Amino acid sequence: MMARLVKLYSQVDRIKEQHFIRNRIAEENRQKENEAAVRIQSWFRGCQVRAYLRHLHKNAILIQKTWRGFTARALFRQRLKTAYFIMKMNFYNKMAVKIQQRWRGFYVRKYVHNYYARKRYLEGLTRKNEHIRRDMEEFAELQRRERERIVLEKEEQEKKIQAQRLHFLLSTKQCPGVFNSPFRAEPDEMELRLRRVKPLLVRSAPKERKTPNITSDLSSLMPNRERLPPIHKKTQGPFRPALEVQQQRYRPLEPSLRVATSITALEEAREELKLHEWRTRVIDQTFLPFSNPSRSKRYEGLMHTSTPFEQVAYGTKHFRDEHKELLQGKKPFKTVFTTCHVFDKFGRLYSDAGNIV
């Protein structure tokens, strides 16, 4: 131990020198080492922060993806419910329109436009049209004959007048006429007409009567007298026509609105409105398919059943009345259907299970 201690004491100066040298070297490299350490720390911390941000971004994207998927699925389910509800409503409306169409067609064909009555009416109208057409054809033929007769009479009258005017051309025993040529086997038609008619008498023109000129004589007798003004139809002076005075004296009354209208105008207007509604509507009574009063309503037969060509009553030509003994003890047919609760949910939303939301 002592030897080692002596050896250490002998190396104290060298150790101090080495210590000072190393301290100097350390002081010289302290700034570089500090900067290097700071750079390593900053790089490491940057890597940590970036890794943490990547982790946060990944978690945020996962949360957003999950939430957006949830909201999209909920919106899709809502739209699916709405589309399904609209589809059901359209189907119900279509079925209701079809039911109304069948009922209105049945009602119109049975009570408004009866097929058999319409057929009889068209047949009667066809027969009447044929009869009228025959009458019109006969009437047209009569008119045509009448026009032809009038034309022939007019031509005959003109020929007669012409023969009367040309009567001087009638042939005599000594001198044959123009229409009786000796070169013809028979005389002309005009020659025969001239023989039948009498000559046209020539009347002398009426002679004009000479009237004495009184005005010239008066003017010669009274040359200095002034002429009177012309006489007008309208009376002179501040007088109105008699017709205007008569109209003013017997002028009709100008009643007020209360006097001009009838005392029962409101009731008449209501009756007119009821008649208009009755003419335009198709069904007179409210349609009550599931009500008991409809059972007691008596069936009204069709118009064609009153004719001798009526239909056979229901059940006589089918199985219902052929073997009545087989129907003993059986329940009669139900005439009233069960109520349908589907239409009670009209206008509401439905879930997937069909329950009201």
Side-chain angles (χ1 to χ4, degrees), residues 116-252 307-309:
Y116 297 96
R118 184 77 172 178
K119 186 177 180 180
R120 290 196 304 273
Y121 168 74
L122 292 176
E123 291 176 355
L125 185 62
T126 304
R127 291 193 296 269
K128 187 175 181 180
N129 289 341
E130 292 177 356
H131 181 67
I132 292 175
R133 190 178 293 109
R134 287 195 301 268
D135 294 345
M136 291 181 67
E137 289 176 357
E138 293 176 0
F139 182 69
E141 184 66 21
L142 291 176
Q143 283 187 338
R144 186 182 63 80
R145 293 177 182 177
E146 185 68 19
R147 287 195 297 269
E148 291 178 356
R149 186 185 62 81
I150 292 173
V151 171
L152 292 176
E153 289 181 356
K154 188 176 180 181
E155 292 178 356
E156 188 68 23
Q157 188 69 18
E158 291 178 355
K159 290 180 180 179
K160 183 179 179 181
I161 294 173
Q162 186 179 6
Q164 288 178 349
R165 291 177 179 175
L166 300 177
H167 193 269
F168 63 93
L169 298 177
L170 180 64
S171 62
T172 60
K173 293 181 179 180
Q174 300 294 332
C175 180
V178 177
F179 301 103
N180 191 11
S181 177
F183 301 101
R184 288 185 178 182
E186 296 179 357
D188 191 49
E189 181 186 358
M190 183 59 70
E191 179 67 20
L192 301 177
R193 289 181 180 274
L194 293 176
R195 295 176 184 178
R196 290 196 303 267
V197 300
K198 295 181 180 181
L200 187 64
L201 299 178
V202 180
R203 296 180 181 180
S204 60
K207 298 180 180 180
E208 297 181 358
R209 296 181 181 179
K210 295 182 178 180
T211 55
N213 193 355
I214 303 175
T215 56
S216 60
D217 298 339
L218 292 177
S219 61
S220 61
L221 293 175
M222 295 178 292
N224 297 328
R225 186 171 179 177
E226 297 179 0
R227 297 184 62 182
L228 294 175
I231 300 174
H232 300 281
K233 294 183 179 180
K234 184 176 179 182
T235 57
Q236 301 296 323
F239 303 105
R240 289 188 297 174
L243 182 60
E244 185 178 353
V245 176
Q246 185 81 2
Q247 290 178 356
Q248 182 178 4
R249 181 175 296 179
Y250 299 101
R251 183 179 59 183
T307 61
F309 303 99

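None of the values given here were measured: they were computed from a predicted structure.
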Approximate separation, where rounding is to 0.5 Å, of K160 NZ and K198 NZ
10.0 Å
Distance, nearest 0.5 Å, that separates CD of Q157 from CD1 of I150
13.5 Å
Does atom CZ (R195) have a neighbourhood of more than 12 heavy atoms from anything else shown, all under 6.0 Å?
yes
Do side-chain atoms of N180 reach the backbone of P176 as a donor and acceptor pair under 3.5 angstrom?
no
Shortest non-hydrogen contact between E191 and L169, atoms and distance
OE1-O, 4.4 Å
One thing to verify: whether E153 and R149 come together as a salt bridge, which I'm taking to mean a side-chain N less than 4.0 angstrom from a carboxylate O.
yes
More than 12 foreign heavy atoms under 6.0 Å from CD of E186: is that the case here?
no
Atom CG in N129, atom CE in M136: separation rounded to 0.5 Å?
10.5 Å
Please report the closest heavy-atom contact between S171 and G177, naming both atoms and the distance.
CB-N, 2.8 Å
I need the minimum non-hydrogen distance between L166 and L194, along with the two atoms involved.
O-CD2, 3.3 Å
Can K159 and E155 be counted as an ion pair, charged N to O under 4.0 angstrom?
no
Please evaluate residues E148 and R144 with respect to the criterion salt bridge (Lys or Arg N to Asp or Glu O under 4.0 Å), reporting the C-alpha separation (whole Å), side-chain torsions for both, the decisive distance (0.1 Å), and the verdict.
CA-CA 6 Å; E148 291 178 356; R144 186 182 63 80; 2.6 Å; yes
Within a reach of under 6.0 Å around CZ of F139, are more than 12 heavy atoms found that belong to other residues, nucleotides or ligands?
no
Non-hydrogen side-chain atoms of R193 and E156 separated by less than 4.5 Å:
yes
Taking all heavy atoms of F179 and all of R184, pick out the closest pair and write down the distance.
O-NH1, 4.4 Å
When you compare the side chain of E189 with that of L192, does any pair of heavy atoms fall below 4.5 Å?
no
Of R133, K128, R134, R127, the one forming a side-chain contact (heavy atoms from CB on, under 4.5 Å) with H131 is R134
